[in-house]
Amino acid sequence: QVQLVESGGGLVQAGGSLRLSCAASGRTFSPYGMGWFRQALGKEREFVASVSLRGGSTYYADSVKGRFTISRDNAKNTVWLQMNNLKPEDTAVYYCAARRPGLDYTAAAAYTYWGQGTQVTVSS
């Protein structure tokens with residue numbers, strides 16, 4: 001079992017920045033690819049970003065490419081999502097998740113462990 005706890009969400013004005021953190025406990029998370037998803041009110045959960053086991057490869061949804069950066073530190077059992085130039089449409093609950101390698105990193109169903117989520121609200 002891997003327990004994931006997100007933090008760092010909040011209210012920010014458009015154009016601002018936030019850094020989300022996801023701390024893992026229990027089993028080490030180094031064997032897992034890590035991802036961030038988000039779910040806006042009334043919408044389906046969508047892929048935001050993913051990072052490979054050692055952090056060498058990163059992947060982003062087109063909507064956040066160039067603005068968000070995902071990174072991880074296996075020694076600290078932590079993954080981050082740096083979000084810059086935030087827009088009102090980025091408003092959502094953001095979830096951290098862990099998946100076994102080789103699975104579709106954009107698919108929520110590929111992820112085994114999920115955090116409880118952290119709210120990000122971007123005002124215009």
Side-chain angles (χ1 to χ4, degrees):
Q1 285 279 355
V2 177
Q3 290 80 42
L4 302 172
V5 178
E6 301 97 335
S7 61
L11 174 64
V12 64
Q13 288 189 332
S17 298
L18 283 174
R19 190 189 196 202
L20 304 184
S21 298
C22 173
S25 61
R27 185 178 298 180
T28 177
F29 84 158
S30 58
Y32 297 92
M34 298 299 296
W36 286 94
F37 286 73
R38 66 187 181 187
Q39 187 166 17
L41 197 62
K43 296 188 177 181
E44 293 187 355
R45 191 168 298 190
E46 65 173 1
F47 169 75
V48 175
S50 181
V51 61
S52 60
L53 273 62
R54 294 181 178 84
S57 298
T58 55
Y59 312 93
Y60 299 94
D62 288 342
S63 59
V64 307
K65 203 170 293 184
R67 300 187 297 122
F68 290 11
T69 303
I70 188 172
S71 60
R72 67 187 293 169
D73 186 332
N74 288 347
K76 297 181 178 179
N77 273 358
T78 303
V79 61
W80 296 275
L81 185 68
Q82 176 67 43
M83 305 186 295
N84 298 328
N85 190 22
L86 283 160
K87 304 176 180 180
E89 52 264 42
D90 294 319
T91 295
V93 177
Y94 282 70
Y95 298 91
C96 171
R99 62 174 171 79
R100 297 199 179 275
L103 301 178
D104 180 2
Y105 57 81
T106 67
Y111 291 76
T112 305
Y113 303 107
W114 291 83
Q116 82 291 347
T118 184
Q119 176 70 48
V120 171
T121 303
V122 184
S123 63
S124 56

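Predicted model, so just to flag it, every value in this text is computed and none were measured. Below, each value reflects all heavy atoms present in this structure, side chains not excepted, and no hydrogens, waters or symmetry copies. By convention here, the first residue in the shown sequence is residue 1.
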Of all the heavy-atom pairs spanning [X] and [Y], show the shortest one and how long it is.
| X | Y | result |
| --- | --- | --- |
| Leu4 | Ala98 | CD1-N, 3.9 Å |
| Gln116 | Val5 | OE1-CA, 3.8 Å |
| Gly33 | Leu53 | N-CD1, 3.8 Å |
| Ala40 | Ala92 | N-CB, 3.8 Å |
| Cys96 | Val79 | SG-CG1, 3.7 Å |
| Lys43 | Gln39 | O-NE2, 3.1 Å |

Taking the side chain from [X] and the backbone from [Y], do they hold a donor-acceptor pair closer than 3.5 Å?
| X | Y | value |
| --- | --- | --- |
| Arg72 | Ser52 | yes |
| Gln13 | Ser123 | no |
| Ser21 | Trp80 | no |

Among residues at least two apart in sequence or on other chains, which ones pass salt bridge (Lys or Arg N to Asp or Glu O under 4.0 Å) with Lys65?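 In terms of salt bridge (Lys or Arg N to Asp or Glu O under 4.0 Å), with neighbours along the sequence ignored, Lys65 is linked to Asp62.
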Measure from the ring center of Tyr111 to the ring center of Tyr32 and say whether it is less than 6.0 Å.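 Here the rings of Tyr32 and Tyr111 have centres that are no less than 6.0 Å from each other.
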Let's go through Arg45 and Trp114 carefully: what are the C-alpha distance in whole Å and the side-chain angles of both, what is the deciding distance for side-chain contact (heavy atoms from CB on, under 4.5 Å) to 0.1 Å, and is it a yes or a no? CA-CA 12 Å; Arg45 191 168 298 190; Trp114 291 83; 3.2 Å; yes
Which distance, rounded to the nearest 0.5 Å, do you find between the [atom1] of [X] and the [atom2] of [Y]?
| X | Y | atom1 | atom2 | answer |
| --- | --- | --- | --- | --- |
| Asn77 | Cys22 | CG | SG | 10.0 Å |
| Arg19 | Met83 | CZ | CE | 11.5 Å |
| Phe47 | Asp104 | CZ | CG | 8.5 Å |
| Met34 | Ser71 | CE | OG | 11.5 Å |

Under 4.5 Å between any side-chain heavy atoms of Val93 and Phe37, yes or no?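 No, their side chains stay 4.5 Å or more apart.
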How would you list all residue pairs meeting side chain to side chain donor-acceptor pair (under 3.5 Å) that involve residues 84-97, not counting sequence neighbours?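 The answer is Ser17-Asn84, Arg38-Asp90, Arg38-Tyr94, Arg67-Asp90, Gln82-Asn84.
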Establish whether [X] and [Y] are linked, either directly or via other cluster members, by ILVMFWY side-chain heavy-atom contacts under 4.5 Å.
| X | Y | value |
| --- | --- | --- |
| Tyr113 | Val51 | yes |
| Leu18 | Tyr60 | yes |
| Leu81 | Tyr105 | no |
| Val64 | Val12 | yes |

Applying side-chain contact (heavy atoms from CB on, under 4.5 Å) between Leu20 and each of Val120, Ile70, Val48, report the one that passes.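 Exactly one pass, corresponding to Val120.
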